[in-house]
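Side chains included, hydrogens not; waters and symmetry mates left out as well; all remaining heavy atoms used. All chains are named by letter (A, B, ...) in the order of the sequence lines, taking the proteins before the strands, and each is independently numbered beginning at 1.
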Protein chains: 2
Amino acid sequence: MPLSPDEPVLPAVVRPSVQDAIRRDIIAGVLTPGARVTEASLAQRYDVSRVPVREALRGLASEGFIDSRPHVGSRVAPIPVHDADDLFAVREALEVATARSAARRAAALYSGDESPEDWWRIRRQIAALLDAGDAHVAEGDLDPLVGINDQIHIAIAELSGSATLTQLLRQLSWKIEWLYAADMQSRGKRLWPDHRVIVGAIDAGDGERAAALMAAHVRESRIGYLRRYGVTRPSSDPEVAAAVRRQPGGAQDAVLPGADTVGP
Amino acid sequence: MPLSPDEPVLPAVVRPSVQDAIRRDIIAGVLTPGARVTEASLAQRYDVSRVPVREALRGLASEGFIDSRPHVGSRVAPIPVHDADDLFAVREALEVATARSAARRAAALYSGDESPEDWWRIRRQIAALLDAGDAHVAEGDLDPLVGINDQIHIAIAELSGSATLTQLLRQLSWKIEWLYAADMQSRGKRLWPDHRVIVGAIDAGDGERAAALMAAHVRESRIGYLRRYGVTRPSSDPEVAAAVRRQPGGAQDAVLPGADTVGP
DNA sequence: GTCTGAGTGATTGTATGCAATCGTCCCTCT
DNA sequence: AGAGGGACGATTGCATACAATCACTCAGAC
């Protein structure tokens, strides 16, 4: 987190940290769908008692990251790949609403009707995020843009002054982030074995085959990138453009295989 | 709850009941926005320890019904009256998605591709809800229709097979129910003093004034009803129809005054 | 008179302990 | 050999206990 210089300092409480940490691990794929998560193991892992872990798990269950059955235990929920399109549609409705409300509030602010104390803080935060994004673009370092992008959208929601919409959008963003990460992982998993095959073709001295394999490999990676981060205009290669158009959602149906225990 | 005859019986756990009970009290207006809710008082009220109450409060906070500050306490959140339109817009996007997915799943079912075990259970549930609604309509007892309506929409979401969308829709429905209830309450509050004035006019023997007051009173109630439950076609009275059209949202900006403690 | 400061009561955050429940293994019976 | 049943281990659900923090009050100084 590159900013928040003057956030109101809240007392140190463990539960939100635990909840965030578990959510991060789920989104990052450290905890894979279907993995059993026991309160005791998580408590040991984060060096706290079971109580904050319990509450964190409850929260994550209500966010949809954890499936929990009474007296049985909790597992990481399956990735909602089927809902990808729907989640995007709902997010669109949400973002339209927050943007409109934020603009209306800005207009009311300029006309002097109201001046909430949070407004300028969030506004400064957005400015900082924009600057940070520009800096990364200038350096050609595009990876952080995804996160910054999400943060800006959340900040706009906060600017709208609607806690309800902000809350919903935040939950939705986490889910979509999860989808992206899972897509990236499974894509990487699918692309990885190619390397050995390509090297094998090189070893065998089959130049044409190695070239064809490498071409397919790079092309799939390119299509995946375009699908993931969007395109301002269709790819110059008509075949790639068609492939990108073919599955706009980007997430396939595969669910990552889940280990049954939490690794130490 | 008039149905769910063959639901899978889950072991008795206190926390969900507590959470539902508190949410019900908030929506029903027993706990008004701004009211302080301490864990101890709620624990005493529902005769459980603080732990399930804590977890219920956490859940309600993530649902947006409770505002909680560390080491300070929890209060009932303000009613999101400003977000009414936005919430309806988001719900529309959600319901469109669930209906489409449910229909697609039905098509896949009929073509024999898959036959999930839950499908028929939920389908029977919807049938029962429709029958119950018809029965109430036949008896002219329209009050329960609001709840049945919500249940049908949730059931359709469950039919879509998407836990994510169902969860979001459920949260949104609770919020909208809250808005309706608050609107009804404040409307009732506004209409109530009329009675005394009308009776006063009657006592004074001012027939014309009593008639005019009663006409205004009944008319406002009628407009409120039409605004709340919608109209299939514009009201026959053009003036009423215009008034109904005037504020389609229905919820005004007033926030119910909150008592500072939970009554015994 | 107003402001600063410590003290106190109340409330939450976390830890630990115990009972209830579930899944599973193994034994027994058919 | 397969099915049914009982006991055990593991895990969660809840209650209680203690520590940490905050809001508020009241005394005292400027």
Atom-to-atom span, [atom1] of [X] to [atom2] of [N] - whole angstrom:
X	N	atom1	atom2	answer
B:Asp47	D:dT16	CG	P	10 Å
B:Glu55	D:dG13	CD	C1'	8 Å
A:Gln44	D:dA10	CD	P	14 Å
A:His71	C:dC22	NE2	C1'	8 Å
A:Gln19	C:dT14	CD	P	12 Å
B:Arg75	C:dT11	CZ	P	12 Å
B:Ile66	C:dT11	CD1	C1'	15 Å

So, using salt bridge (charged side-chain N to carboxylate O under 4.0 Å, His left out) as the criterion, who are the partners of B:Arg170 when residues are at least two apart?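 For B:Arg170, the residues satisfying salt bridge (charged side-chain N to carboxylate O under 4.0 Å, His left out) (neighbours in sequence not counted) are B:Glu158.
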Would you call B:Leu87 and A:Leu165 a side-chain contact if the rule is heavy atoms closer than 4.5 Å? yes
Answer whether the closest heavy-atom distance between the side chains of B:Ile66 and B:Ile26 falls below 4.5 Å. yes
Counting only side-chain nitrogens and oxygens, does A:Ser49 get under 4.0 Å of the OP1 or OP2 atom of C:dT14? no
If the cut-off is 4.0 Å, is A:Arg58 near the phosphate of D:dG13, judged by side-chain N/O to OP1 or OP2?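 Affirmative; the distance criterion is met.
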For the residue pair B:Arg104 / B:Ser160, report whether a side-chain donor-acceptor contact shorter than 3.5 Å exists. no
Do B:Ser173 and B:Asp150 get their side chains close enough for a donor-acceptor pair, meaning under 3.5 Å? no
As a test of reading the structure: which of [options] is closest to the side chain of [X], going by heavy atoms?
X	options	answer
B:Val51	C:dG17, D:dT16, C:dG13	D:dT16
B:Pro52	C:dC22, D:dA15, C:dT14	D:dA15
B:Val14	D:dC14, D:dT11, D:dC18	D:dC14

Between the protein and nucleotides 23-25 of chain D, which nitrogen or oxygen pairs are less than 3.5 angstrom apart?
residue : atom : partner : partner atom : Å
D:dA23  : OP1  : B:Arg69 : NH2          : 2.9

Does this structure show an ion pair linking B:Arg45 with B:Asp25, if we count only N-O contacts that are shorter than 4.0 Å?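 Salt bridge: yes.
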Aromatic plane relationship, B:Phe88 with B:Tyr180 - under 30° parallel, 30 to 60° tilted, over 60° perpendicular: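 The rings of B:Tyr180 and B:Phe88 stand perpendicular, inter-plane angle above 60°.
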Identify whether any heavy atom of A:Arg50 sits under 4.0 Å from a base atom; if not, whether one sits that close to sugar-phosphate; answer base, sugar-phosphate or nothing.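 Result for A:Arg50 = base.
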Scan B:Arg54 against the nucleic acid and name what it touches under 4.0 Å (heavy atoms): base, sugar-phosphate only, or nothing. base
Closest-nucleotide 5' rank along DNA chain C - winner of A:Val48 and B:Glu39: B:Glu39
